[in-house]
Chemist: 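Input: one structure, supplied below.
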Amino acid sequence: MVWDVSDKPTREELGAYSEAHLHIKVNRRGVFQCWRNGFRPPCECASCEQQFRTNDQQVMKAYTYAEFLPDNEAIVRARAMTTSIAKDWIYLRDQCQLNGNILLKRWKKKGKVGRTELLKDVEPDIYPYQFCDVRLCHEFVQLVKKESRHDGQSLWDPNVNEGHHRWPHRKTLLLPYINVESLAVEPIKLLHLLHNRTKYSPSLWATYDNSLLDKQWFLGAFTTTYNSGCLSFSGEDYGRWTVWDTQAAHGGSVVGFPRGILILESQQSLMRFLRGVVEKLLCGMIREDSTLQSNHFNKAMSQGSAARTVAKLQVAMHGDHLYILQTDPQYMRRYAAQILKGERDANLLQKHKNRSTALELMRAAARFWSWESILEETQKIEALYEKALNNTHPDFPFTVEYKASLGRLERLLWAESKWRETCIENVLPHRSGFSKDYKFEWFQDDESASCIQMRVDLGTTAVSNFFGDRLEFCLRTLIQDPWQNPELQELVEFQDHSVRRFEPSAIFGILDEHLGDCHRKGLKDELSRLDDVLYQFYTDLSAIHQMTAMLRLHQLTFPKLVLKDTKNVPTGKAWRYLNKEYYQHIEPRRKNLDHNHRWVDTVKLTNREEPAHKITADERLGSLFETFIKTPVPKGNRFAQTWLDQSEAEQAALDGFWEGMRERHRSTLTRLEFGSEDIESDLKALSAASTPEHVLEIKRRREEILATIAARAAEQAAKKNRKADRTALQTYWGEDKKQSFELLPPMTKPKTRGIHDGFVPESNSPPEPEKPQSRITVAVNKRALSVFKAMFPGNNPEDRSKAVDWDTFVHAMAEEGVGFIARHSAGGSAYTFEPNEKSLWFGKGAISFHKPHTEHVIDAVTVMAHGKRMRKWFGWSEETFVLKK
C-alpha cells in the first residue's frame, strides 16, 4: 500500500480504512520518497510487538501491511480457514485409524525417487532442501555482496532487507519442516508428522506453530493483513474472532489478528499438504461419513512440570558428577586431563595450567548450583499450577501470578544460557579441533595469563561456514547468535548481518544430523573435533534451550522481560546469584593494554576481589591441584600395604584440594555478602568426601584390604610351615594329621541404607536414594552380566579395566527384569533411563547418562562411575546380578 512520490492521496482515501489508520511519510537519505498507509497498533508493549507492527517499523516496506480487513471480512476469513482446517483434520484422523498400515507400507515402498515425485505432485513449489532458514540467509548475504559497490555502499533499494527478500518463500517459512530432502530421504518423518498432527487437535498445536513464526515475523518475511481484533485458539473457541481485549492478549488467551491469521494459514497449509499426500497414497479410498467431534485433548502434564523433570535430571546428573570428582581420584584425573587438552596445554605455563584447571572445576560446581536454582524456580511454578489447576490448561488463560512466574523462569534461563555461552566462547578456539583456525599471542606473568586471538580467515562468516565447515557453523552459531531477547535488538539496515538469529532447536537439529552422518561414513577425524569437554558443554546448553522451548510452547504469548523486571524479586537463590554477579566474579582476570600500554582489567565489578588476594588464592588452589596430580597413582597388587598407602595418600591429596575449593568458595560468597544459608547450601556440594557415608565406605574398604592382607599372610605362613614340616627329619611314626587353616572372610559392617552423598536434597532428585530392606537379585544373560561386572568390578582386576560399548550398555540396562529403557529426552548427549512396569525398580525414578562421543564406547573409569550412581540411587551392587541358567 504505497503511493508513488507523484501521487496526491486525498483526505477521503487516507481516512477510508479505520480510525487506526495513519499515513507515513518516508524519507531516504534525507530525500522524500513516498507515502505509506500505516495502522496504529492497539497496544505498543513489548509483548504486542509480536502481534502488530509498530509505527516505526512500518517505515520499512517489509513491515507495512499489505491488506486491511474490516471486522466482518476478518470474521469470514477466519471462519473459512478454521472450517477448512477442521475438515482436513477429521479426514486425516479417520484415514490414519482406518488405513494406517496401508499408508505406512505404501509410503515406505515408494523409495526415495517415488516419494520425491509424490511430494512434488502434491506441492509443486515444495522447498528441495532442509534448513531453509540458514540457506535463505546465505543467499541474502551473497546477494548483498553482489549488489554492493567496492566502497560498501548499496546500489539497490534500501527497502529491500532480508525479510523482503524472503517474501517469495512464504509457504516454506510457514512450514519450515516440509521439504523434499527431509521427507523423501527419511520416510519415518512424514509418518511421525501425520501421527502427531492427528493425535492432537490444531488448537493444541497453535502454540508450537506460533513459535515457528517468531524469527520470520521479526525479519518481516511475511506480507501481513491488518485488523484491530484478535483471534482465540482455546478449545471450542478455536479461530473465533473477537474485538481487541488488552487484558486477554497480555494473558496469552488471544492473539492479535495479524499474527493470529498467520497461525491459521500455516495450519491450513499443513492440513492441505498432508491430505494431498494421504489421498495420493490411498488412491481415492475416501471415507465420507465422519462427523465433527470435540477438539479437546488433554495433555499428560503441563509444560511447567515437564521443565521440572528436565531440571531434576540435570541436578542429579551434575550432582553425581561433582560427587565422584571428590571421591574417586581416577575419575578426577581423567576429567582434569581433558580440561586443557589442545592449544592451552601446549602454551600455558604449568602454574597457569593448574589455576585454569581449578577454575574449570569451580565452574563445574557452579553449573550444579545453577541447576539447583533453576529447579527451585520450576518447583514454584508447579506449586502455583497445583494451586490453580483448573485455570492452567492450555485452553484457558493463566493466572497473573502463574504467568509472571513462567516469565521469570524464562528470563532466568536466558541469563543462564548467556553465562554458558560466554564460557564456551572462551574455550572453543583453544580446543584441538578448532585452534588451527586462529592465531594466538600469549602474555603470561605471575598474576595472570592473557591471550589475544584472531581468526586466520577474517572473511569467513558463520553462514558461509554452513557449506564449508558445518560443525563449526553449528557450534559458533549456538554461542554467538543473539537470538535470545530479540526485543532488546534494534531493527537495523540490511548491511548488518550480525543480528540475524537462528532458532537453537534448528541448529541443534543440524548438529545432530551432521554427527550422525559422520558416524555412518566413519569420519572419525571430524567427530573427534567435538571432544568430550565441548560435548558436555553443549549438552548442558541444549538442556537450557529445551526448557526454554517447553515454556514457550505452554502459552501463545509471553511478555518479553528485561533484567530490571526481575532484579528486585525478593526470593530465590537464582536471583541472588544474578544480582550479585557471582558468575562474573569466579572468572579469571581479563586484561587488555590501555593507551599507555599498561595492562588493565577489562571488566569492572562491584565488590571485586583485591588483585593481590586473588593471585594468592589462585596460587594456593593451583598448588593444591599440582600436589594431587603429582601424588603417585597406586600400582601393583591392590591387596598389598604399599598399594593401600599410595591409595590413602592419593585420596588425602584429593581431599586437600577440595578443602581448598571450599575455602575459596566460602571466601567469594562472604565477600559478595551472601547469607549463611546460601553459603552452607553451596558448601555441601563441595563436602562429599567428609560425609559420614563416604568416610564409612573408605573405612570399610581399608578394613577389607587389611583383612585380606592378613589372611593371605597367614596362608603364606601356613604353606611355609607345611613345607618345613615335610623337609624336617621324621621323629613320629603315627597317623599324619594335617593342620587345617580356615580363611575367615573380612569383617565388614552390614549396610542398612544406600549411599547418600549428602548434598542432593531428596526433593531435588529424580529417584530417592535406595534404602534396601532385602537384597534384590536379577538373573541376566552372559553379555549383560559382563556389563554389570564392569560397573561393579569388586576385586577382579580384569573387570576394573574393561570398557563397554554404548549399545551393549543400553541393551544390558533394558534386559528382562532390569527394565531400564533409554530415551533421548534429557538434552544433548544425555539419555534418560527409566524403569518400565516389569522392572523391579519401577516407580523409583529415572537417571541420565551421557552417550560417549566419537567412538560410542564407555571407558572403564566412567563405567565404574555409572555403577556408583546406580548404587546411590537404586541400591545396585555386585551381588544384584547373577547369570541366567
Chemist: Got Arg308 and Met550 here, is their nearest side-chain heavy-atom distance under 4.5 Å?
Modeler: no
Chemist: Can you tell me which residue among Ile424, Val533, Leu340 is in a side-chain contact (heavy atoms from CB on, under 4.5 Å) with Arg431?
Modeler: Val533
Chemist: Taking only Lys NZ, Arg NE, NH1 and NH2, and the carboxylate oxygens of Asp or Glu, determine whether Arg871 and Glu878 approach each other closer than 4.0 Å.
Modeler: yes
Chemist: Could you check Arg420 against Ser370 for side chain to side chain donor-acceptor pair (under 3.5 Å), going step by step and ending with a plain yes or no?
Modeler: CA-CA 10 Å; Arg420 285 163 170 79; Ser370 162; 3.0 Å; yes
Chemist: Can Lys872 be said to sit on top of Tyr323's aromatic six-ring, NZ or CZ under 6.0 Å from centre and within 45° of the ring axis?
Modeler: yes
Chemist: Quick one, His321 with Phe368, criterion ring pair (Phe, Tyr, Trp, His ring centres under 6.0 Å). Give me CA distance, side-chain angles, the key distance, then yes/no.
Modeler: CA-CA 9 Å; His321 171 63; Phe368 168 72; over 10 Å; no
Chemist: So do Trp658 and Glu663 actually touch side chain to side chain, heavy atoms under 4.5 Å?
Modeler: no
Chemist: Going by the rule side-chain hydrogen bond (donor to acceptor under 3.5 Å, both in side chains), which residues pair with Glu441 if we only count those two or more places apart in sequence or in a different chain?
Modeler: none
Chemist: Just one of His856, His514, Lys524 clears the side-chain contact (heavy atoms from CB on, under 4.5 Å) bar with His519, so which one?
Modeler: His856
Chemist: Using a strict cut-off of less than 4.0 Å between a Lys/Arg side-chain nitrogen and an Asp/Glu carboxylate oxygen, indicate whether Lys868 and Asp320 qualify as a salt bridge.
Modeler: no
Chemist: Start with the C-alpha gap between Lys439 and Gln453, add the side-chain angles, then the distance that decides, and say whether side-chain contact (heavy atoms from CB on, under 4.5 Å) holds.
Modeler: CA-CA 5 Å; Lys439 291 181 180 179; Gln453 62 191 39; over 6 Å; no
Chemist: Assess the residue pair Leu511 and Leu471 against the criterion (side-chain contact (heavy atoms from CB on, under 4.5 Å)); give the C-alpha distance rounded to whole Å, side-chain angles, the decisive distance to 0.1 Å, and a yes or no.
Modeler: CA-CA 7 Å; Leu511 179 59; Leu471 178 61; 3.6 Å; yes
Chemist: Look at Asp655 together with Arg662 and state whether they make a salt bridge at an N to O cut-off of under 4.0 Å.
Modeler: no
Chemist: Going by an N to O cut-off under 4.0 Å, is there a salt bridge joining Arg455 and Glu472?
Modeler: yes
Chemist: Any salt bridge between Asp531 and Lys341, counting N to O under 4.0 Å?
Modeler: no
Chemist: Can the ring centres of Phe809 and Trp806 be said to be less than 6.0 Å apart?
Modeler: yes
Chemist: Establish, yes or no, whether a centroid distance under 6.0 Å links the rings of His430 and Phe440.
Modeler: yes
Chemist: When the ring centroid of Phe657 is compared with that of Phe628, is the distance short of 6.0 Å?
Modeler: no
Chemist: Using the side chain to side chain donor-acceptor pair (under 3.5 Å) rule, take Trp442 and Glu343 through it: C-alpha gap first, then chi angles, then the decisive distance, then the call.
Modeler: CA-CA 11 Å; Trp442 282 95; Glu343 188 272 339; 2.6 Å; yes
Chemist: If the threshold is 4.0 Å, N to carboxylate O, is there a salt bridge linking Asp525 and Arg529?
Modeler: no
Chemist: With sequence neighbours left out, what residues match Glu513 under side-chain hydrogen bond (donor to acceptor under 3.5 Å, both in side chains)?
Modeler: Gln130
Chemist: Excluding sequence neighbours, so at least two apart, what forms side-chain hydrogen bond (donor to acceptor under 3.5 Å, both in side chains) with Thr808?
Modeler: Arg783
Chemist: ring-ring contact (aromatic ring centres under 6.0 Å, His included) with Phe833: which of Phe820, Phe849, Phe874?
Modeler: Phe849
Chemist: For side chain to side chain donor-acceptor pair (under 3.5 Å), just list the numbers for Tyr583 and Glu416, CA-CA rounded to whole Å, side-chain angles, deciding distance to a tenth of an Å, and then say yes or no.
Modeler: CA-CA 10 Å; Tyr583 296 130; Glu416 295 290 355; 3.2 Å; yes
Chemist: Do the two ring centres, one from His665 and one from Trp369, sit under 6.0 Å apart?
Modeler: yes
Chemist: Output yes when Arg823 and Glu834 qualify as a salt bridge under the 4.0 Å nitrogen-oxygen rule, no when they do not.
Modeler: yes
Chemist: Cation-pi check, Arg476 to Phe434: give yes when NZ or CZ is under 6.0 Å from the six-membered ring centre and within 45° of the ring axis, no otherwise.
Modeler: no
Chemist: Determine, for Asp618 against Arg355, whether the closest basic-nitrogen to carboxylate-oxygen distance falls under 4.0 angstrom.
Modeler: no
Chemist: Is Arg470 salt-bridged to Glu526, going by a charged N under 4.0 Å from an acidic O?
Modeler: no
